[in-house]
Amino acid sequence: MPPTPQKSPRKIKIATWNVNSIKARLPNVLAWLKEAQPDVVLMQEIKCVDENFPRTEIEDAGYNVATHGQKTYNGVAILSKSPLEDVQPRLPDGDGDDHARYMEATVFGKVRVASIYLPNGNPLGTEKFTYKLTWMERLRNHMKRGLMDGEMRIYGGDYNVIPQDDDVYNAKAFAGDALLQPESRAHFRSFLHLGLTNAFREFNQLPHQYSYWDYQAGAWQKDNGLLIDFLLLSPRAADALTNAGIDKGPRGKEKASDHTPVWCEMTV
DNA sequence: ATGCCAGGTAACACCTGA
């Protein structure tokens, strides 16, 4: 099928969603694609190697697909109704890092998007936490280099950081958690200090807005959540931003992921 | 707040997640 000529300007919807296994989530993902009609999806925790990604099913839903998979853990993907150009997995300066946590590509011929699955970092006092902080430093360096060209860029994903105490149902209960340590928060703020805009917060400043709810202890029913999934936009992308939000629908479904999609709309 | 839930791997128990 020949590529569809792109009308310009046009409004596109870009979402990030940690699906917690694409194999387990495929029916929910297909239903949400049909219902929400995102143009681009930045997906995390696909938990499968590239050969096992349900590529045909996603393509039949109208998307081009790029995957950077890994067995059992991690794994990221990018879905787009446009062709995917210049697909680049992994952060540079890996130094033996074999986790599949990052991939970027150009969509709609002009927007550079990244799908990010930032390390969790628990428990404190282990190499897992230092790995998280090192990974965040590498991400910041990569963002800084990328932002020099002034193009539209979107860094979306599961950042595994609770930026403010009001972004969690009970900050005290998470005092010893890697997600809200001062070091994790400082690194997250350092992303914003590069000039990136948190798309959701441009349209919603209310406290206790969440993108994740634990499977346990009735967290969803009690709205005991965390805000840890973000779309961070370069200045040019932020200028094009028209709306953003959190779609809580998928979290309430049967066989839900513990994360729900965060989305934004922009004119490109 | 851990592992009460969920997913994966591989085996009918253990690891990881946030």
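Below, chain A is the first sequence line, B the second, and so on; all start at residue 1.
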Can you check the [X] [atom1] to [N] [atom2] distance for me, whole Å?
{"X": "A/Asn18", "N": "B/dT16", "atom1": "CG", "atom2": "P", "answer": "17 Å"}
{"X": "A/Asn224", "N": "B/dT2", "atom1": "CG", "atom2": "P", "answer": "15 Å"}
{"X": "A/Leu179", "N": "B/dT16", "atom1": "CG", "atom2": "C1'", "answer": "14 Å"}
{"X": "A/Asn74", "N": "B/dC15", "atom1": "CG", "atom2": "P", "answer": "18 Å"}
{"X": "A/Tyr131", "N": "B/dG17", "atom1": "OH", "atom2": "P", "answer": "10 Å"}

Review item, side-chain donor-acceptor pairs of residues 21-31 of chain A, under 3.5 Å, at least two apart:
unit_1  : atom_1 : unit_2   : atom_2 : d
A/Ser21 : OG     : A/Lys23  : N      : 3.4
A/Ser21 : OG     : A/Ala24  : N      : 3.0
A/Arg25 : NE     : A/Val19  : O      : 2.7
A/Arg25 : NH1    : A/Lys255 : O      : 2.6
A/Arg25 : NH1    : A/Ala256 : O      : 3.4
A/Arg25 : NH2    : A/Asn20  : O      : 2.7
A/Asn28 : ND2    : A/Glu254 : O      : 2.9
A/Asn28 : ND2    : A/Lys255 : O      : 3.0

Stretch residues 157-167 of chain A: residues that reach within less than 4.0 Å of DNA chain B through a heavy atom:
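Heavy-atom contacts with DNA chain B come from A/Asp158, A/Asn160.
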State which residues pass salt bridge (Lys or Arg N to Asp or Glu O under 4.0 Å) with A/Asp39; sequence neighbours excluded, sorted by chain then number.
A/Arg10
Tell me every residue that passes ring pair (Phe, Tyr, Trp, His ring centres under 6.0 Å) with A/His68, counting only those two or more places apart in sequence or in another chain.
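Scan of A/His68 (ring pair (Phe, Tyr, Trp, His ring centres under 6.0 Å), adjacent residues dropped) gives none.
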Expressed in whole Å, how much space separates the [atom1] atoms belonging to [N] and [M]?
{"N": "B/dC14", "M": "B/dA10", "atom1": "P", "answer": "16 Å"}
{"N": "B/dC12", "M": "B/dG8", "atom1": "C1'", "answer": "15 Å"}
{"N": "B/dT2", "M": "B/dT16", "atom1": "C1'", "answer": "14 Å"}
{"N": "B/dA1", "M": "B/dA11", "atom1": "P", "answer": "35 Å"}

Side chain to side chain donor-acceptor pair (under 3.5 Å) involving A/Arg138 - partner list, sequence neighbours excluded:
A/Asp97
Partners of A/Glu151 by side-chain contact (heavy atoms from CB on, under 4.5 Å), sequence neighbours excluded?
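So A/Glu151 forms a side-chain contact (heavy atoms from CB on, under 4.5 Å) with A/Asp149.
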Got a sec, which residues hit side-chain contact (heavy atoms from CB on, under 4.5 Å) with A/Ala105, two or more places apart in sequence or on another chain?
A/Ile78, A/Leu84, A/Val87
Which residue pairs pass the ring-ring contact (aromatic ring centres under 6.0 Å, His included) test when at least one of the two sits in residues 233-268 of chain A, sequence neighbours left out?
A/Tyr212-A/His259
For A/Tyr212, which contact category applies under a 4.0 Å heavy-atom criterion: base, sugar-phosphate, or nothing?
sugar-phosphate
Going 5' to 3' through nucleotides 4-12 of chain B and flagging B where a protein heavy-atom sits under 4.0 Å of the base, S where only the sugar-phosphate is that close, and - otherwise, we get BBSSSSS--
Within 45° cone of A/Tyr102 ring axis and under 6.0 Å: A/Arg90 NZ or CZ
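Here A/Arg90 fails the 6.0 Å and 45° test against A/Tyr102.
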Close side-chain approach of A/Trp32 and A/Val41, heavy atoms under 4.5 Å
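In contact.
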